[in-house]
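Report on one structure; see the data block that follows.
In this text, all values refer to a predicted model and were calculated from it rather than measured experimentally.
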Amino acid sequence: MDSGTINIKKWVVIYPVYINSKKTVAEGRRISVSKSCENPNCIEISDCCKHLKLPSAVEIDKAYPRDFMQVGRVRVQLKREDGTLLNPAITSRKHLLQKIAELVPRHPERVKKQEAQKAKKQEPQATTSTSGTSSKSGKGGKKKR
């Protein structure tokens, strides 16, 4: 490769399953349930890496090997070519996963979705009363022996 291109093959791979609190360790979760977040996606993880000032690349066409229906992964650069850390606050892959799991619930898109769901729940729901009628159709009668 020439020196002008960036080699992302050596970057750390993060699948959303690694920080998903809904998954078990056997299904691929890598951090504790108390530190993980619920159903993260690649875009949220990538935005969190940008917030931590780490270069990242989203690979939508890749799937998690244990669950091939889980599509997408993020590659993150932790160290430079000479081995020095890009962000001294993040020293390891596990520490990176924990920081991302902290930031994902505060992601702007996720906050908007939660506010929209709260607004829907607070709206008064129009209910139709069926106090006199029953939903069962009439031809039941007694069975003959």
Does [X] share a hydrophobic cluster with [Y], counting links as ILVMFWY side-chain heavy atoms below 4.5 Å and allowing steps through other members?
| X | Y | answer |
| --- | --- | --- |
| V76 | W11 | no |
| I43 | V12 | no |
| V13 | I31 | yes |
| Y64 | L96 | yes |

Exercise: identify the closest heavy-atom pair between [X] and [Y]:
| X | Y | answer |
| --- | --- | --- |
| V111 | P105 | CG2-O, 4.0 Å |
| P16 | Q70 | CB-NE2, 3.8 Å |
| L97 | I19 | O-CG2, 3.6 Å |
| S46 | S56 | OG-OG, 3.3 Å |
| P88 | L86 | CD-O, 3.8 Å |
| L85 | R80 | O-NH1, 3.2 Å |

For this session: For the residue pair K22 and N39, establish whether any side-chain heavy-atom pair is separated by less than 4.5 Å.
Result: yes
Problem set entry | Test item: V71 and D61 side chains (from C-beta on) under 4.5 Å apart, heavy atoms | no
Between atom [atom1] of [X] and atom [atom2] of [Y], what is the distance when rounded to the nearest 0.5 Å?
| X | Y | atom1 | atom2 | value |
| --- | --- | --- | --- | --- |
| K62 | C42 | NZ | SG | 12.5 Å |
| K10 | Q77 | NZ | CD | 11.0 Å |
| C49 | H51 | SG | NE2 | 11.0 Å |
| L54 | L52 | CG | CG | 5.5 Å |
| R93 | R30 | CZ | CZ | 6.5 Å |
| Y18 | K94 | OH | NZ | 12.0 Å |

Exercise. Which salt bridge (Lys or Arg N to Asp or Glu O under 4.0 Å) pairs, counting each pair once, include a residue from residues 40-55, with sequence neighbours left out?
Worked result: E44-R110
Exercise. Apart from F68 itself, what residues make up its hydrophobic cluster when side-chain heavy atoms of I, L, V, M, F, W and Y under 4.5 Å apart count as a link, directly or indirectly?
Worked result: M69
So does [Y] get a backbone contact from the side chain of [X], meaning a donor-acceptor N/O pair under 3.5 Å?
| X | Y | result |
| --- | --- | --- |
| N20 | E38 | no |
| R73 | A63 | no |
| R29 | T24 | no |

For this session: Test side-chain contact (heavy atoms from CB on, under 4.5 Å) on E109 and K112 and set out the steps.
Result: CA-CA 5 Å; E109 292 293 321; K112 282 182 193 175; 4.1 Å; yes
Seminar exercise, completed: Residue set satisfying side-chain hydrogen bond (donor to acceptor under 3.5 Å, both in side chains) with S34, at least two apart, ordered chain then number -> S32
Exercise. Where do E59 and V74 land on the side-chain contact (heavy atoms from CB on, under 4.5 Å) test, with the steps shown first?
Worked result: CA-CA 6 Å; E59 297 175 329; V74 180; over 6 Å; no
